Amino acid sequence: MHNDNNIPEKLLKPYSAKDTESRIYAEWLESGFFNPDICVEKGVTKADAEPFSMVLPPPNVTGTLHTGHALMLVIEDIMTRYARMQGKRTLWLPGTDHAAIATQSKVEKILEKEEGKRKQDLGREEFLARVNKFAQESHDTIVGQAKRMGASLDWSREAFTLDATRNLAVRTAFSRMYNDGLIYRGHRIVNWDPKGQTVISDDEMVYVEEKTKFYYLKYGPFTIGTARPETKFGDKYVVMHPDDARYANFKHGDKLTVEWINGPIEAIIIKDEAIDMEFGTGVMTITPWHSVVDFEMAERHKLDKEQIIDKYGKLLPVAGEFAGMKITDARAKIIAKLESKGLVEKTEDYVHNIATAERTGATIEPQVMNQWFVNVNKPIAGRGNKTLKELMLEPIREKQIEILPDRFENVYYNWVNNLRDWCISRQIWYGHRIPVWYDKDGAIHVPKERRILLARHGESEANKLRLFAGGRSQSPLTDTGRAQAKELGEKLKSENITKIISSNLPRARETAEIIAKELGIDPSSIEEWSDYREYEVGDLENTPWPEKGIPFRTAIASQKGENLAQIEQRVVSVFKKLESVETEGTLLMVGHNGFNCCMKAHIEGVQKERFVEFAELCTMENASTHEFMLMQNPTEENLTQDEDTLDTWFSSGLWTFSTLGWPQKTHDLKMFHPTSVLETGHDIIFFWVARMILMSTYLIGEIPFKTVYFHGLVRDEKGRKMSKSLGNIVDPITLIDKYGTDALRMAMIVGVGPGSDSNLGEEKIKAYSKFANKLWNIARFVMENTTKLDTTQAHTLDTEDQATIDEINSLLKEITKEMNEYKFYLVAEKLYHYTWHTFADIVIERSKNKIASGTNSESAQQMLVTALPLLLRALHPFMPYITEELWNTVYNDKNLLLVEEWPCKI
RNA sequence: GCGCGAUUAGCUCAGUUGGUAGAGCAAUCCGUUUACACCGGAAAGGUCGCAGGUUCGAGUCCUGCAUCGCGCACCA
């Protein structure tokens, strides 16, 4: 009996998120509107619209998404949908992070648990295959979860920190930094993780409080204090402050013999201002191999350094009778021996912080090792003699990058100012192998950048007659074509071309020869590559071009020649071959329009499914060129590559531009970099944010993003950190199953400002699932009560209804301003409150009387049909599923709400 | 040790440039059953951590203190 007004059946039932969400997400994907190019192609975004771009902080492929990820996806999706509705050319770019150490140790644990094996039992190759399989599974889970959150990510541009494109970026970055002297290899003190058997960076350590003993030991005429007697075997330098009156008799460089753990030793007096006169006795001996501070002192005074502890935490032969013992076992025995020799003066209880590895929990043992470092203090000629440190500080100080909330600026400055050289080599298998090769003399070889020009042949007979000329056509050049080739040759004289490769088809070959003659290159040196020929068109060969559209599209659609997969395979093999071509200067490749476009698409990272659209946009004229580059690994004989891999943050640091195709000069890079916003957790400000600023300012002279928005930690409903041991971890997908994505999104965003932690309880989510239903019923009420309204004519609003519309418009103005200030938490709350407690409780109630009585009935109805779409549009970024579903139900002839206009322009 | 943040109703938190304290949940009372019981209405509930200061006026600005939390550094 409800349904006498043609109200859709589904609207009569309560809102069911479950039945709606997957269907709506599929519709969004189908539309292609997550991809900004398709938005332009289909005319929902203007080609000259202002770009908005953001990269997704790539989740680690170590498992599944947690509530922190969910919050990140919610905030970023709100930003993205808002930008898209404002008509911006909007790109939100997805990806995942290989998270080298984290992922490898996870797989190691599984291997240990399930098969009782260590990675060495499998070998590098087999082990990496296991890691890749694990990473792939994690990736699939993560992508599935992100989709359920409603994330409007452009999946066609998805990236991985360890894929081929990103590897090119890593090798390019490494080589440029190496050639600028910013990356060096050296024996320096590093943080060694004895359990993980790898070096880690300063930021991958956590300090843990430890209760231990502090020993006062007799060392000749001195008493020295130490908490680590097991490092003291080789200690022959005794250090004091130059101003310490107590030790004024001793001069720097004095030598004296003292009785020590394993007999007498010649000690040397060193005076250094790093000594704290107040601490202990004001005298210490130093162990440069196993202490950062001691190492620095030893460097200042050019002292000897000796290793005492090996990679596994065992004592070396220098320890005499203690050699081979684990340091943890040795300590008590060493003290016992010192006591028996009467060298222990006293022992105190002592509390201090010890450095542990974040991933493995092992106590860090500083070691001097030959590792790779990024020098943060070296002036860079190409960057105005600024150091990397200065490059990192400048954009923040000069407000080119805005940080929200701004209190994190100080945290950032503090960290950069204390920054030491960044150790980037890791002794693990999973990751980007360090792109360095050693010859038998130990000399270092790094990849070289090779510049390549793609050219298209001059006009051919077939071109002139507008006929298909594919991979078998022998169609020769026309006179015009020869003239074009000659002209191109002239133009290329300034390009330092030293080698030419040509397709094996006559029109390309002839073009190449004409160019060679112009450039003074021996035509017989031209290499012919048959797999660089034009794509095959089957029996379309020599038939006329289609009336409309491009020949490539028709050829692929005809399925008579090569398919996209075959073409892509050929593109990949050409690139593979290019990697071993040797020449000093620029390499010229003379080929064909269609295949060159596919080469360009490959360079730009376009998926083969979109090669055709890409080719349409990027058609090459006869005798035109396109530049790109590739990195060539060294080809000398008998080279061995460095065994180590790079710190995962090295590749993450390139993320804003490696995802856009850098080092190629891609269309995406020009359009979308610097990115508009970086939204991430404040816990990775140093790991990631700082390193992106470093890499971007150094490598491309551009900031990576204009605004940084930090979100806080998601805690449980009682404000406790979620942890396995507390058993209070909630899975966002479980919550979605129960309450719907929109409810979860609202619960996560309302009241959660930048930088502050938030509590997520089920009650809150439940409340917003009720709100979803309320919105559902509002739409139903509006539909049911306005079906008789003649929408072909405008109805005048009475004062009251006009006031309602004015009120909504002023609310929209207010929230638009707040959206632009990133105050999403306020906007969500205001929309919620207005919709429920003003619009539903007051406005709709009032309209009931008017509609029932017939007095000003049309005004009330007009007001309702005006107000509803305004609210749906404004709520869309926050509750995308239900608003889209209602939009489609009520306005089924229109665009998806996804690409509708934001209801307020200011 | 240095720095940062928090402290507002029973709970969780808003409070934008200083102008009579606000929401959700919980608890209380009443109502309604054709937009919605995943509902409506009403009332209740706070010396805004403490102490000073600036101001006509301070939750908001300044100083100090307390408690909780976080980050950085670390001395053998």
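Letters A, B, ... are given to chains in the order of the sequence lines, protein chains preceding strands, and every chain is numbered from 1. Bear in mind that the values here come from a model prediction, so they are computed numbers and not experimental data. Both backbone and side-chain heavy atoms feed into the values below; hydrogens, waters and symmetry mates do not.
The pair A:D193-A:R359 does not meet the salt-bridge criterion, since no charged nitrogen lies less than 4.0 angstrom from a carboxylate oxygen. A:K817 and A:E814 are not joined by a salt bridge, as no carboxylate oxygen comes within less than 4.0 angstrom of a charged side-chain nitrogen. Salt-bridge annotation for A:K346 and A:E348: present, with a side-chain N of the basic residue lying under 4.0 Å from a carboxylate O of the acidic one. Taking the charged nitrogens against the carboxylate oxygens, A:K850 and A:E800 do have a contact shorter than 4.0 Å, which makes a salt bridge. Residues A:E409 and A:R397 are not paired through a salt bridge, judged by the lack of any N-O separation under 4.0 Å between the basic side chain and the carboxylate. Taking the charged nitrogens against the carboxylate oxygens, A:E296 and A:R300 have no contact shorter than 4.0 Å, which rules out a salt bridge.
When the nucleotides B:C36, B:G40, B:A73 are ranked by their closest atom to the side chain of A:Y207, B:A73 comes out on top. Comparing B:C75, B:G24, B:G40 by their nearest atom to the side chain of A:V293 picks out B:C75. Comparing B:C39, B:C75, B:A35 by their nearest atom to the side chain of A:D276 picks out B:C75. The side chain of A:W836 has B:G40 as its nearest neighbour among B:G24, B:G40, B:G69. For A:I778, the listed nucleotide lying nearest its side chain is B:A35; candidates were B:C38, B:G41, B:A35.
Separation of the P atoms belonging to B:C62 and B:U67 is 22 Å when rounded to the nearest angstrom. Only the C1' atoms considered, B:U17 is 40 Å distant from B:U28, to the nearest whole Å. Distance noted for atom C1' between B:A44 and B:G64: 38 Å (whole Å). Comparing the same atom, C1', in B:G45 and in B:A26 gives a spacing of 12 Å after rounding to whole Å. Spacing of P atoms, B:C11 relative to B:U16, comes out at 23 Å, to the nearest Å. Separation of the C1' atoms belonging to B:A58 and B:U20 is 13 Å when rounded to the nearest angstrom. One P atom belongs to B:G49, the other to B:A43, and the distance between them is 28 Å to the nearest Å. B:G40 and B:A14 have their C1' atoms separated by 25 Å, given to the nearest Å.
Considering all non-hydrogen atoms of both residues, A:Y215 and A:R331 come closest at OH-CD, 4.2 Å. In this structure, A:A355 and A:M205 approach most closely via the heavy-atom pair CB-SD, 3.9 Å.
In this model, no side-chain donor or acceptor of A:N773 finds a partner on the base of B:C36 within 3.5 Å. Not a single donor-acceptor pair, N or O on each side, falls under 3.5 Å between the base of B:C38 and the side chain of A:K774.
Side-chain N or O atoms of A:N417 include one that pairs as donor or acceptor with a backbone N or O of A:Y413 at under 3.5 Å. No donor-acceptor pair under 3.5 Å is formed between the side chain of A:D801 and the backbone N or O of A:M863. Between the A:H682 side chain and the A:F710 main chain, no donor and acceptor come within less than 3.5 Å of each other. At least one donor-acceptor pair under 3.5 Å links the side chain of A:H66 to the backbone N or O of A:G68. A distance-only check finds no donor-acceptor pair linking the side chain of A:K211 to the backbone of A:V351 [under 3.5 Å].
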Could you list all N or O pairs between the protein and nucleotides 13-15 of chain B that sit under 3.5 Å apart?
{"from": "B:C13", "atom 1": "OP1", "to": "A:N759", "atom 2": "ND2", "distance (Å)": "3.1"}

Can you give me the N/O atom pairs linking the protein to nucleotides 26-31 of chain B at distances under 3.5 Å, or say none if there are none?
none

Short N/O separations, protein against nucleotides 1-11 of chain B, under 3.5 angstrom:
none

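Residue A:Y832 is the one, among A:Y832 and A:V292, whose nearest nucleotide of RNA chain B lies closer to the 5' end (criterion: closest heavy atom).
A:F839 places its CZ atom 15 Å from the P atom of B:A35, with the value rounded to the nearest Å. Rounded to whole Å, the distance from CZ on A:F781 to P on B:G40 is 14 Å. Between A:Y768 atom OH and B:U12 atom C1' there is a gap of 11 Å when expressed in whole angstrom units. Atoms CD1 (A:I844) and C1' (B:A35) sit 7 Å apart, rounded to a whole Å.
Within 4.0 Å of A:E845, counting heavy atoms only, lies at least one base atom of the nucleic acid. A:V782 comes within 4.0 angstrom of no nucleic acid atom, judged by non-hydrogen atoms across all strands. Using a 4.0 Å heavy-atom distance criterion, A:K848 is classed as a base contact.
Atom NZ of A:K813 sits about 15.5 Å away from atom CD1 of A:I808, to the nearest 0.5 Å. One distance of note links CZ of A:F686 with OH of A:Y412; it measures 10.0 Å at 0.5 Å rounding.
In terms of phosphate contacts, A:H682 brings no side-chain nitrogen or oxygen within less than 4.0 Å of OP1 or OP2 of B:C70.
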Watson-Crick and G-U pairing of RNA chain B, under 3.5 Å, as dot-bracket with | and [ ]: (((((((..((((.....[..))))..(((((....).))))......(((((..]....))))))))))))....
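Contacts between residues 738-750 of chain A and RNA chain B, counted as heavy-atom distances below 4.0 Å, involve no residue at all. For the contact set between residues 223-243 of chain A and RNA chain B, defined by any heavy atom under 4.0 Å, the members are A:G225, A:T226, A:A227, A:K232.
Side chains of A:H241 and A:D272: a donor-acceptor N/O pair is absent below 3.5 angstrom, by distance only. A donor and an acceptor atom, one from each side chain of A:T285 and A:K232, are located under 3.5 Å apart. For the 3.5 Å distance criterion, the side chains of A:S857 and A:Q861 qualify, holding a donor opposite an acceptor.
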From CA spacing to verdict: ring-ring contact (aromatic ring centres under 6.0 Å, His included), A:F233, A:F322: CA-CA 10 Å; A:F233 291 100; A:F322 302 101; 5.7 Å; yes
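Atom NZ of A:K830 has more than 12 neighbouring heavy atoms from other residues, nucleotides or ligands inside a 6.0 Å radius.
Ring to ring, A:Y768 and A:Y832 are close: their centroids are under 6.0 angstrom apart.
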